[in-house]
Participant: 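Before anything else, here's the structure in question.
First the proteins, then the strands, lettered A, B, ... as listed; each starts at 1. Just so it is clear, the values below take in all heavy atoms, side chains as well, and ignore hydrogens, waters and symmetry mates.
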There are 2 protein chains.
Amino acid sequence: MPRTEAQNIKLRELRREEILQAALNVFSRRGMVATKISDIAKEANLSHGLVYHYFQSKEEIFTLLVKRAAESSGQIIEKAHLQEGTALEKLKWMTEQILYSLSEGQQILLFLIMIQASTSDAVPEEVKRFLSSEEFKSPVHGLIPLISEGQQCNEIVQEDPLKLAISYYSFIQGFAINKLQWTQCPVPEAEIIMKIFK
Amino acid sequence: MPRTEAQNIKLRELRREEILQAALNVFSRRGMVATKISDIAKEANLSHGLVYHYFQSKEEIFTLLVKRAAESSGQIIEKAHLQEGTALEKLKWMTEQILYSLSEGQQILLFLIMIQASTSDAVPEEVKRFLSSEEFKSPVHGLIPLISEGQQCNEIVQEDPLKLAISYYSFIQGFAINKLQWTQCPVPEAEIIMKIFK
DNA sequence: GTCTATAGGCTGATAGAC
DNA sequence: GTCTATCAGCCTATAGAC
């Protein structure tokens, strides 16, 4: 009995995910340009020709991962807004979530893809367009409303919210990089970084 | 009258510097692999063939720049140690120096080369060897003595010095990246980041 | 010292067998 | 769906003219 159409679509989707996951692993450590299609194929245990059966090009794969990373970083800020408690409590919750997600699993790899995408000139045009489009909201700007809210009820120091947001996000990005360089580096407590708001 | 030998050496050294500077400009934005020798040549206004008259390979140029960046980041920590004042004052002085140097000139480019070198697998073997050699002392470890000193006279909070050093250095690295992404981003005051030590 | 021309190798992408 | 073989283009590095 042949597989139904729905099953075929599902299988195809599964295989695409396998390839995307493999690509994420190699892209995040080697960057887009230095990664060969054959590296991705090897990581996913299939032939390089097959990668092109599922994706049109290396650039398409990279672009998909960048969009996924952007979505993921947008979601955590959204979730923080929806959290119970004061603005400062929401920020602390978010910080704990991020530090935890950076210390386990592959969330950190999405983070690094995002850093690559936004710091390198050698990325597909579509990535550049996406990052400067309305569709993409930078994490720094997503943080500002939360910080301003905290300042209004005097939970957070009266500094330029933009500078605070940049400081906060710098720490997060920098920690992701540190973690990649040195996998077993200890994870600082959320309280340490929260001090910049006090 | 022909140039003396000394003048020739000097001229050669100057031209090498021009090429190194051009390479730093393009490497820092595109990464080593995505940078073509012809990109460097174009940036330095000379032919790609001539680059090979002064350097053996693209990898040699990149490796030289990594070593230069490592030296530069080591120097700032050394200078901080030699500064007058308490440990906390030394740290603040260093933070101001770094934030200033990241907001002007090309110091930031060396910083970014260092980040690339230590986060990417796609770097020359010699860079990997250098970064894991005794010769190279990571900034995080350079900071620990200063932090411990501050803790002994109770200027600095009694937290794991390693976690404090990681937090501090994460912020610095992250800010360098932010600055690259968004050149006109405002520079936070040193006081903001110094709060993590309080 | 500086350039242009080119060799040689690698890789992204495709074609076609199974 | 999956693989292997291959094409075409690009890039590093060299050779050789000026």
Participant: Taking any heavy-atom pair under 4.0 Å as a contact, classify B:Tyr54: base, sugar-phosphate, or nothing.
Facilitator: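 Answer is sugar-phosphate: B:Tyr54 comes under 4.0 Å of backbone atoms only.
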Participant: Ignoring hydrogens and geometry, is there a side-chain-to-backbone donor-acceptor pair from B:Ser120 to B:Ala117 under 3.5 Å?
Facilitator: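 No; zero donor-acceptor contacts below 3.5 Å.
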Participant: A:Glu60 CD to C:dA13 P: how many Å, rounded?
Facilitator: 10 Å
Participant: How many Å lie between CZ on A:Arg15 and P on D:dC3, as a whole number?
Facilitator: 7 Å
Participant: Whole angstrom is fine here: how far is it from CZ in B:Arg16 over to C1' in C:dT2?
Facilitator: 17 Å
Participant: Nearest to the side chain of A:Ser47, heavy atoms from C-beta on, is which of D:dT4, D:dT12, C:dG1?
Facilitator: D:dT4
Participant: Output the rounded distance in Å from CD (B:Gln7) to P (C:dG1).
Facilitator: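 Taking CD of B:Gln7 and P of C:dG1, I get 12 Å after rounding.
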Participant: More than 12 heavy atoms of other residues, nucleotides or ligands under 6.0 Å from NZ of B:Lys42: yes or no?
Facilitator: no
Participant: Give A:Ile37 one of three labels, base, sugar-phosphate or nothing, depending on what nucleic acid heavy atoms sit under 4.0 Å from its own.
Facilitator: sugar-phosphate
Participant: From the options D:dT2, C:dC3, C:dG1, select the nucleotide whose nearest atom is closest to the side chain of B:Leu46.
Facilitator: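 Of the options given, the side chain of B:Leu46 lies nearest C:dC3.
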Participant: In whole Å, I'd like the distance from the CG atom of B:Asp39 to the C1' atom of D:dC10.
Facilitator: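 My rounded result for the distance is 12 Å.
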Participant: Base, sugar-phosphate or nothing for B:Leu11? Non-hydrogen atoms, less than 4.0 Å.
Facilitator: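 Counting heavy atoms under 4.0 Å across all strands, no contact is made by B:Leu11.
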Participant: Quickly, which of B:Leu24, B:Ile19, B:Val26 forms a side-chain contact (heavy atoms from CB on, under 4.5 Å) with B:Glu43? Name it, please.
Facilitator: B:Val26
Participant: Quiz question: going by heavy-atom distance under 3.5 Å, is there a donor-acceptor pair between the base of D:dA13 and the side chain of B:His53?
Facilitator: no
Participant: Would you kindly give the CD-to-P distance between A:Glu59 and C:dG12, to the nearest whole Å?
Facilitator: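 Computing the A:Glu59:CD to C:dG12:P distance gives 11 Å.
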Participant: Starting from C1' on C:dG12, measure out to CD1 on A:Ile61 and report it in whole angstrom.
Facilitator: 11 Å
Participant: Grouping I, L, V, M, F, W and Y whenever their side-chain heavy atoms are under 4.5 Å apart, do B:Trp182 and A:Phe171 come out in a common cluster?
Facilitator: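 Per the 4.5 Å side-chain linkage, B:Trp182 and A:Phe171 are co-clustered.
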Participant: Considering just the side-chain nitrogens and oxygens of B:Tyr52, establish if one lies under 4.0 Å of OP1 or OP2 belonging to D:dT14.
Facilitator: no
Participant: When the distance from CG of A:Leu14 to C1' of D:dG1 is rounded to whole Å, what number comes out?
Facilitator: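 So the two atoms are 14 Å apart, to the nearest Å.
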Participant: In terms of the nearest nucleotide of DNA chain C, which residue is placed more toward the 5' end: B:Gly49 or B:Asn8?
Facilitator: B:Asn8
Participant: What's the closest nucleotide to the side chain of A:Lys58 if the choices are D:dG1, C:dA13, D:dA13?
Facilitator: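 Looking only at side-chain atoms, A:Lys58 lies closest to C:dA13.
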Participant: Assuming nearest nucleotide by heavy-atom distance, tell me which of A:Leu50 and B:Thr35 is located more 5' along DNA chain D.
Facilitator: A:Leu50
Participant: Tell me whether B:Gln116 contacts the main-chain N or O of B:Val123 through its side chain, where contact means a donor paired with an acceptor under 3.5 Å.
Facilitator: no
Participant: Among D:dT2, D:dA13, C:dT14, which nucleotide sits nearest the side chain of A:His48?
Facilitator: C:dT14
